[in-house]
Amino acid sequence: MLSLTADSEALSSFILSLKERGILKNALSQFESYTDEVPLDNGNSYIKALLDVGDVIDHESVGFTMFSSNTHAVRLVVWFLRRIDDIEERGTLLLDCFKASEGISIVEHILQADENRREKSDPDIVLGDKSFADIKKEFVSKLDSLAKNSPNILIKHEHLASFLYRWKRWGDEKKVAEWLKSQTNDSDGCINLLKAFVTKSSSQGMSDYVARVSSNIKLESIENFIEIEPIRKLIGGIDPNSLDDKSKESVLAFNKALDKREKGISDEW
């Protein structure tokens, strides 16, 4: 992996091959110990490769301490950037790589973390103010472009729910609402949206050999962006058993959430 950091395409291909073998999370975790050995001159190719694969590698964390492959990739990018003392040089590097990549999720995480630091007046920011603003602008521009030119890709994106929060806050809230409305005018679009808001929780009783995993949807989360009632009407007559597994999971979780609300049970329970 160290030898491939000079070649963006070769490194991203290798990372995806590790994903196919089912060993990516472990490999990236171990590679964190070598991040200081990545030559600084390889910054453009190294970071671009990580941004390129960030959206297609696993992003769901397992357990209390297990990071996802996406989280490891975020850490690798941030740790490399922090090796560059000049904070403006860091930002220029990340912006250049971001503009050259189709990947969005890793930069989103970096921006969100830096925004949190600013809100807490934490001086340990990764990006300078100008770079922070410029990269946020590029982030919104990429989502605007996806929404206009490749709406089917965006509505099915695994990071859609997370993107929506940032897109709404950093971009044009009205544009986000109008786009979502246009994408949920049929049952397929509604189901794609619901998939993005499914979360999983696990529970294990004293007599259980394995943890029981349940899929849930918080209606309030969706209502941050769009009304629930039109979605309910469009998918109300669908038989979940006629759907593929992920679609079935999302419809059942949505119906369960609607039932809880009718009974006066909070989303938090």
Side-chain angles (χ1 to χ4, degrees), residues 1-21 23-25 27-59 67-115 125-128 130-146 149-150 153-154 157-160 162-163 166-167 170:
M1 287 184 70
L2 278 170
S3 67
L4 294 176
T5 58
D7 186 329
S8 179
E9 290 188 11
L11 179 57
S12 61
S13 295
F14 181 68
I15 289 173
L16 293 179
S17 75
L18 296 177
K19 175 192 173 187
E20 292 300 314
R21 292 165 58 189
I23 59 174
L24 178 58
K25 190 185 303 183
L28 292 180
S29 174
Q30 292 190 46
F31 192 68
E32 288 182 354
S33 300
Y34 295 86
T35 189
D36 286 345
E37 297 182 35
V38 178
L40 289 174
D41 289 344
N42 293 354
N44 282 88
S45 54
Y46 176 58
I47 289 179
K48 182 180 180 297
L50 291 169
L51 300 189
D52 285 345
V53 301
D55 290 11
V56 296
I57 58 180
D58 70 276
H59 65 279
F67 292 130
S68 66
S69 296
N70 180 272
T71 300
H72 284 298
V74 172
R75 284 155 60 100
L76 289 173
V77 172
V78 170
W79 291 351
F80 184 90
L81 290 173
R82 287 194 181 280
R83 291 173 58 201
I84 302 172
D85 293 331
D86 187 327
I87 196 169
E88 294 305 327
E89 184 181 339
R90 290 180 199 168
T92 299
L93 173 60
L94 183 60
L95 180 58
D96 288 346
C97 292
F98 191 32
K99 286 182 174 179
S101 175
E102 293 185 0
I104 304 176
S105 66
I106 288 178
V107 169
E108 181 209 358
H109 285 293
I110 293 172
L111 289 172
Q112 181 58 44
D114 241 33
E115 184 171 79
I125 53 176
V126 177
L127 303 167
K130 183 179 184 306
S131 296
F132 180 67
D134 288 345
I135 296 172
K136 277 201 302 184
K137 184 177 179 180
E138 180 67 19
F139 174 86
V140 171
S141 176
K142 281 181 178 289
L143 289 182
D144 285 345
S145 178
L146 266 179
N149 302 315
S150 304
I153 291 177
L154 182 55
H157 204 292
E158 288 195 51
H159 296 262
L160 175 63
S162 180
F163 287 169
R166 257 55 79 180
W167 191 21
W170 298 335

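Since we're looking at a predicted model, the values are computed, not measured.
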From [atom1] ([X]) to [atom2] ([Y]), nearest 0.5 Å:
X: Leu160; Y: Ile153; atom1: CG; atom2: CD1; answer: 13.0 Å
X: Asp58; Y: His72; atom1: CG; atom2: NE2; answer: 8.5 Å
X: Leu143; Y: Trp170; atom1: CG; atom2: CH2; answer: 9.5 Å
X: Asn44; Y: Thr5; atom1: CG; atom2: OG1; answer: 12.0 Å
X: Ile110; Y: Leu51; atom1: CD1; atom2: CG; answer: 7.0 Å
X: Ile15; Y: Ile57; atom1: CD1; atom2: CD1; answer: 7.0 Å

Within residues 72-81 or reaching into it, pairs that qualify as salt bridge (Lys or Arg N to Asp or Glu O under 4.0 Å) - sequence neighbours excluded: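 For residues 72-81: Glu32-Arg75.
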
Determine which pairs satisfy salt bridge (Lys or Arg N to Asp or Glu O under 4.0 Å) with at least one residue from residues 95-114, sequence neighbours left out, and list them in order. Glu108-Arg166, Asp114-Arg117, Asp114-Arg118

What residues form a side-chain hydrogen bond (donor to acceptor under 3.5 Å, both in side chains) with [X], not counting sequence neighbours?
X: Lys136; value: none
X: Glu88; value: Ser131
X: Lys130; value: Asp134
X: Arg83; value: none

Within the structure provided, determine whether [X] and [Y] are in side-chain contact (heavy-atom separation under 4.5 Å).
X: Tyr46; Y: Leu93; value: no
X: Leu127; Y: Leu111; value: yes
X: Leu2; Y: Phe31; value: yes
X: Ile87; Y: Ile125; value: yes

Looking at every heavy atom in both [X] and [Y], which two are closest together, and how far apart are they?
X: Ser101; Y: Asp52; answer: OG-OD1, 2.6 Å
X: Ser45; Y: Asn42; answer: OG-O, 3.1 Å
X: Leu11; Y: Ala49; answer: CD2-CB, 3.7 Å
X: Ala27; Y: Leu18; answer: CB-CD1, 3.8 Å

Sequence neighbours left out, what passes salt bridge (Lys or Arg N to Asp or Glu O under 4.0 Å) with [X]? Give chain and number order.
X: Asp144; result: Lys175
X: Lys19; result: none
X: Glu115; result: Arg169
X: Arg90; result: none

Exam field: side chain [X] to backbone [Y], donor-acceptor pair closer than 3.5 Å:
X: Ser17; Y: Phe14; value: yes
X: Ser13; Y: Glu9; value: yes
X: Asp55; Y: Ile104; value: yes
X: Ser12; Y: Ser8; value: yes

Just to verify, what does His159 make a side chain to side chain contact (heavy atoms under 4.5 Å, CB included) with, not counting sequence neighbours?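 In terms of side chain to side chain contact (heavy atoms under 4.5 Å, CB included), with neighbours along the sequence ignored, His159 is linked to His59, Asn70, Ser105, His157, Phe163.
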
Sequence neighbours left out, what passes side chain to side chain contact (heavy atoms under 4.5 Å, CB included) with Ala100? Give chain and number order. Lys48

Could you walk me through whether Leu81 and Ile47 pass side-chain contact (heavy atoms from CB on, under 4.5 Å), step by step? CA-CA 9 Å; Leu81 290 173; Ile47 289 179; 3.7 Å; yes

